[in-house]
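Scroll down for the structure; my scribbles are underneath it.
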Amino acid sequence: MHTARPISEIRAALLRGELSPADLIENALSTAVWRKKSGAKVYLQLDPGHVRSQIGRAPVESPLGSLPVSVKDCFDVAGEPATAGSQFYASTRPVPSQDSWFAARARGAGGVLMGKTNLNEFAYGITGENLHFGNCEVPARPGCLTGGSSSGAAASVAEGSAVIGLGTDTGGSLRAPASFCGLVSLRPTHGSGDFSGCFPLAQTFDTMGFLIRHLADMPLVASALLGIGSQTVSTPRIGLPDGDWLDGCTPDVVENLAAFAERLRGAGCSTHSFETASWTEAGALFIPIQAYEAFANHRDFLPRFRDQYEPAVRQRIEFGGTVTKEAYDRYEQRRQVFRELQTTRLFREFDFLAVPICPVRELQDGADHSGFRSRILSLTTPASVCGWPVLTVRGRGNGPEDPAAHGYGIGLMARPGADDRLMGLATWLAQRGF
């Protein structure tokens, strides 16, 4: 499968003429179509004719020349409806006539936009479930959910119908699917890019980023899509969480973090623990701020479409309507204090922090996951509240086809604006076999 190879190898084959753009895209398309016919809920919009019409429009010398790129269906793509994972949203507006900023970046860098991918409704969920369009499962682990909300984005890369999946991350929506699917992802510093043409969830925390297979490809894709450079790192100082903050994780997840830390030390990193007692405040700040902003974004829709929302999503949005402006302002003031305190405290001593992404290894499709959201948000919200960039890497295993890689993602966090340092770390780790 061409799309399973590192992007660097695909580009080299294209430049040498050993692989044609048409063959690459047809390979990706055949995977997408076959999987869709087999019942996979990866794409909400997939038009082979539209995909083929893009072949050859950009030179293969472009940064992402002829590479298949999937787009989470909260981003506009010209000529295609945008559902945001909802059964009613597309009917409230014309079919977009132009690309969202992020889709335009991918197209402008030479990427071929494959189609619009599945997501939790309005991106307000983290399991990969969608009552309207079906649940998204890990391609190599049938019966297990991808996590969300960038569920189809992750599944498209894991199945091989795309080499890059564009998505968003508010409270873990790139990080969780990357972990469950054995992929790597980047959630950049909050405020990176331009959300024009994307339906928001909660602007205080929303970020746009991507999922790919191979860690060594991170700097190329981050540069092409978000203009992020790469700064060389050496002997990184990495902080590891201490205390009962990890109590919500299963024992194997905790053991995986310890094993990953041992690998880091063996590669030449210095690691030390840091206190996490104060991190419990992150979720208490994140949830009401997110809900308040989500309610504002849905204020006009709720009276007209209340019964068409998924019940759990509607409940979260309506909770936001109970948060007063005065309470929101107090939460926001506390968030700023939390961010400044944690950033100053931790990144004076460490270059990066390493934490588990998911508290469990897998989510069974059809099971009750009502308690999962609070458990995973306890792990992901410190970075979300602080606006830190997060590089998700595999804690073990070799890729999405390797069952050992599923569910053991590690989040490597840096101070705001240090995305280039994360890209340098990605290169450093890839050179050492991570």
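Position 1 is the first residue of the sequence, and the numbers go up from there. Side-chain atoms are counted along with the backbone in the values below, which use heavy atoms only and exclude waters and symmetry mates.
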For the pair [X] (side chain) and [Y] (backbone), establish whether a donor and an acceptor sit closer than 3.5 Å, ignoring hydrogens and angles.
X      : Y      : answer
Arg237 : Glu349 : yes
Gln54  : Leu113 : yes
Thr207 : Pro188 : no
Ser70  : Gly115 : no
Ser149 : Ser173 : no
Arg335 : Val385 : yes
Thr189 : Ser192 : no
Ser156 : Ser161 : no
Asn118 : Gly134 : yes
Asp420 : Ile228 : no

Quick one: [atom1] on [X] to [atom2] on [Y], what's the gap to the nearest 0.5 Å?
X      : Y      : atom1 : atom2 : answer
Glu137 : Leu363 : CD    : CG    : 11.5 Å
Ile238 : Leu264 : CD1   : CG    : 4.5 Å
Cys269 : Leu240 : SG    : CG    : 10.0 Å
Glu129 : Asp365 : CD    : CG    : 7.0 Å
Phe102 : Leu225 : CZ    : CG    : 5.0 Å
Cys386 : Phe286 : SG    : CZ    : 12.5 Å

Report yes if the distance between the aromatic ring centroids of [X] and [Y] is under 6.0 Å, otherwise no.
X      : Y      : answer
His298 : Tyr89  : no
Phe122 : Phe88  : yes
Tyr309 : Phe301 : no

Worked check of side chain to side chain contact (heavy atoms under 4.5 Å, CB included) between Gln45 and His50: CA-CA 11 Å; Gln45 306 285 337; His50 178 67; over 6 Å; no

Out of Lys36, Arg141, Arg213, Arg35, which one pairs with Glu159 under the salt bridge (Lys or Arg N to Asp or Glu O under 4.0 Å) rule?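 Per the salt bridge (Lys or Arg N to Asp or Glu O under 4.0 Å) rule, the option paired with Glu159 is Arg35, out of Lys36, Arg141, Arg213, Arg35.
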
Going by heavy atoms in the side chains, are [X] and [Y] under 4.5 Å from each other?
X      : Y      : answer
Phe75  : Met208 : yes
Asp300 : Thr92  : no
Pro241 : Phe274 : yes
Phe195 : Thr168 : yes
Thr204 : Tyr328 : yes
Val184 : His214 : no
Phe180 : Leu145 : no
Leu174 : Val390 : no

Is it the case that [X] and [Y] place a side-chain donor and acceptor less than 3.5 Å from each other?
X      : Y      : result
Lys41  : Ser151 : no
Gln342 : Arg345 : yes
Lys116 : Thr83  : no
Thr271 : Arg265 : yes
Glu121 : His132 : yes
Ser234 : Trp428 : no
Thr380 : Arg187 : no
Gln290 : Thr170 : no

For [X] and [Y], work out which heavy atoms get closest and say how close.
X      : Y      : result
Ser179 : Gly409 : OG-N, 2.9 Å
Ser273 : Phe350 : O-CZ, 4.0 Å
Ala104 : Asp99  : N-CB, 3.8 Å
Tyr124 : Arg316 : O-NH1, 2.5 Å
Asn120 : Thr127 : ND2-OG1, 3.5 Å
Leu186 : Met423 : CD1-CE, 3.9 Å

Are Asp252 and Arg361 close enough for a salt bridge, meaning some N to O gap below 4.0 Å?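 Result for this pair is no, no salt bridge flagged.
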
Are more than 12 heavy atoms from other residues, nucleotides or ligands located less than 6.0 Å from atom [atom1] of [X]?
X      : atom1 : result
Glu275 : CD    : yes
Asp329 : CG    : yes
Gln315 : CD    : no

Do Asn297 and Gln203 pass the side chain to side chain contact (heavy atoms under 4.5 Å, CB included) test, and can you show the C-alpha distance, the side-chain angles, and the key distance before you say yes or no? CA-CA 10 Å; Asn297 293 325; Gln203 291 89 325; 3.1 Å; yes

Test side chain to side chain contact (heavy atoms under 4.5 Å, CB included) on Ile164 and Ile7; report intermediate values, then the result. CA-CA 9 Å; Ile164 302 167; Ile7 290 173; 4.0 Å; yes

Could you go step by step and tell me if Phe434 and Val393 meet the side chain to side chain contact (heavy atoms under 4.5 Å, CB included) rule? CA-CA 8 Å; Phe434 281 80; Val393 302; over 6 Å; no

Measure the acute angle between the ring planes of Trp388 and Trp279, then classify it against the limits of 30° and 60° as parallel, tilted or perpendicular.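 It falls in the tilted class, 30° to 60°.
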
